[in-house]
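One structure is given below, encoded as structure tokens.
From a predicted model like this one, the values you see are computed outputs, not experimental measurements.
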Amino acid sequence: MAQKASTTPASIALPLKRSRTPSPVTQLEVSSQKIKKLKLHNSYVVNSPFPDFARPTAKDAYEVHDILRKAHHNQRAVRRSPAISSNSARTCGSVPNVVEALIGVILSQNTSGRNSSAAKASLDAAFGRNNFAAIASAPRAKVVEAIKHGGLANKKAATLQNLLASIKEKHGDYSLQYLTETDPDKRLSDDAVMEELISYDGVGPKTASCVLLFCLGRDSFAVDTHIYRLSKLLGWVPEKADRVLAQAHLDLRIPAELKYGLHVLMIQHGRACSGCKKAGSGASCVLKSYLTQRRAAVSGGGPTGTDIPIGFDGGDDGSRLFALDPCQ
């Protein structure tokens, strides 16, 4: 049987592959995400997303800070100036260069400190430290290869290159150092800095908050997975709160002078303490002890807050003590 002749004119070449150029719909979605981030931020600059949720109080925050400082006495919870020698992924952005800080925090997302540090070191080796122009103009595959140690390399490579391109387009250079201005007449507010950072695709409130806290020396309370989990345990945020809304709430409730230390200590505790990692765990935890004693105080008038012995393991009868800190 003769085959039906093609109706496609010979002069028209059929495409062999779908174009990889982002479609207008994709660009619209990205723009929509940016608008959503900025709207969410502006909604909670002054008011909490949970205005009727009165915890944590300043007293709560000071009590938990004191408990964790004693439990993790080897953890340095005093603010340090950003160091040029630091690996920005390992230190959560504690470097003087703002763009490098952003890159480090992005590389640290959804991976271990060891892996993100290796990815940042490899990126520097491949392109030169802070050679942002080389990273931005490199073939995507080369950037992926350089950061593959940190996981999600394809996604992060795209985020980094798009971030650098956006910064260059907006400011004419690969620099955000104007955010480090300390002159009171020129210095931007914390909210203005946050708006600038989250305006870039791939930079969310937590990433921006880390840059504010560790690179720019601002008082901002970044909420990672450990802090989010412990905040739920402590009853500092409503059960319905997601991480973004939890950060918006806590950043307004935590006293400014505690934001750095409490952030560092809660992350250290979340990583080290097996007693609060799983619901129903029988292992010791100083925060569970604190909560048990608070409940006992409410019902029976016992000691509260900083009167809690940092060694009490949280038994309901208050009788069991442990000799060593379980979080070390």
Side-chain angles (χ1 to χ4, degrees), residues 17 19-23 26-27 29-31 33-34 37 81-181 188 193-204 206-217:
K17 292 183 179 180
S19 170
R20 299 182 69 87
T21 302
S23 67
T26 301
Q27 293 170 353
E29 288 174 351
V30 169
S31 177
Q33 291 170 2
K34 174 181 174 179
K37 283 190 297 181
S81 298
I84 295 176
S85 60
S86 294
N87 180 306
S88 63
R90 183 177 62 83
T91 60
C92 206
S94 185
V95 290
N97 188 288
V98 181
V99 176
E100 183 183 18
L102 273 172
I103 288 174
V105 180
I106 289 169
L107 290 176
S108 72
Q109 294 170 358
N110 301 302
T111 190
S112 67
R114 180 177 180 179
N115 289 343
S116 63
S117 297
K120 179 58 168 63
S122 177
L123 186 71
D124 292 346
F127 298 100
R129 185 170 181 180
N130 295 349
N131 190 348
F132 305 129
I135 298 171
S137 61
R140 178 68 49 79
K142 187 174 180 182
V143 181
V144 171
E145 177 65 23
I147 64 173
K148 65 182 181 181
H149 308 285
L152 299 176
N154 287 297
K155 180 180 179 180
K156 291 178 182 178
T159 297
L160 295 184
Q161 289 191 304
N162 291 338
L163 169 68
L164 292 171
S166 297
I167 292 171
K168 177 69 181 297
E169 180 181 3
K170 184 174 182 179
H171 297 288
D173 195 6
Y174 299 106
S175 175
L176 292 174
Q177 288 308 104
Y178 80 98
L179 298 178
T180 66
E181 180 62 65
L188 295 180
V193 174
M194 177 67 82
E195 279 196 26
E196 167 68 14
L197 295 177
I198 64 175
S199 71
Y200 298 106
D201 297 325
V203 179
K206 182 256 183 180
T207 295
S209 183
C210 285
V211 173
L212 276 154
L213 186 64
F214 292 102
C215 173
L216 299 174

Looking only at heavy atoms, which two atoms of [X] and [Y] are closest? And how far apart?
| X | Y | result |
| --- | --- | --- |
| Ala119 | Ile147 | CB-O, 3.8 Å |
| Ser94 | Ser81 | OG-O, 4.3 Å |
| Pro96 | Pro82 | N-CB, 3.7 Å |
| Val143 | Phe127 | CG2-CZ, 3.9 Å |
| Val95 | Arg129 | CG1-NH2, 3.9 Å |
| Ala101 | Gly93 | CB-O, 3.4 Å |

What do the steps show when you test Asp201 against Lys34 for side-chain contact (heavy atoms from CB on, under 4.5 Å), and what is the final call?
CA-CA 7 Å; Asp201 297 325; Lys34 174 181 174 179; 4.3 Å; yes
One pair to check against side-chain contact (heavy atoms from CB on, under 4.5 Å): Val211 and Val203. What are the steps and the verdict? CA-CA 10 Å; Val211 173; Val203 179; over 6 Å; no
Does any N or O in the side chain of [X] come within less than 3.5 Å of the main-chain N or O of [Y], such that one atom is a donor and the other an acceptor?
| X | Y | value |
| --- | --- | --- |
| Lys120 | Ala89 | no |
| Thr207 | Val105 | no |
| Lys168 | Phe132 | no |
| Lys156 | Gln109 | yes |
| Thr111 | Gly150 | yes |
| Ser122 | Ala146 | yes |
| Gln161 | Ala138 | yes |

Any heavy-atom pair between the side chains of [Y] and [X] that's under 4.5 Å?
| X | Y | result |
| --- | --- | --- |
| Leu197 | Leu179 | yes |
| Asn130 | Val99 | no |
| Ser116 | Arg90 | no |

### Query
In this structure, which one of Thr159, Asn162, Leu176 forms a side chain to side chain contact (heavy atoms under 4.5 Å, CB included) with Tyr200?
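Checked Thr159, Asn162, Leu176 against Tyr200; only one passes side chain to side chain contact (heavy atoms under 4.5 Å, CB included): Leu176.
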> Is any side-chain N of the basic residue among Glu145 and Lys148 closer than 4.0 Å to the acidic one's carboxylate O?
Replying inline: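 Salt bridge between Glu145 and Lys148, a charged N being under 4.0 Å from a carboxylate O: yes.
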* Is it the case that more than 12 heavy atoms not belonging to Arg114 sit under 6.0 Å from its CZ atom? ->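 For Arg114, atom CZ is not crowded (no more than 12 foreign heavy atoms under 6.0 Å).
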Around Lys155, counting heavy atoms of other residues, nucleotides and ligands shown, do more than 12 lie under 6.0 Å from its NZ?
->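 Incorrect, the count does not exceed 12.
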*Evaluate the side-chain contact (heavy atoms from CB on, under 4.5 Å) criterion for residues Met194 and Ser209: first the C-alpha distance (whole Å), next the side-chain angles of each, then the deciding distance (0.1 Å), finally the verdict.*
CA-CA 7 Å; Met194 177 67 82; Ser209 183; 4.2 Å; yes
When rounded to the nearest 0.5 angstrom, what is the spacing between OG in Ser117 and CG in Leu107?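 Result: 9.5 Å between the selected atoms.
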For this session: Start with the C-alpha distance between Asn87 and Asp124, add both sets of side-chain angles, then the distance that settles side-chain contact (heavy atoms from CB on, under 4.5 Å), and finish with yes or no.
Result: CA-CA 10 Å; Asn87 180 306; Asp124 292 346; 6.0 Å; no
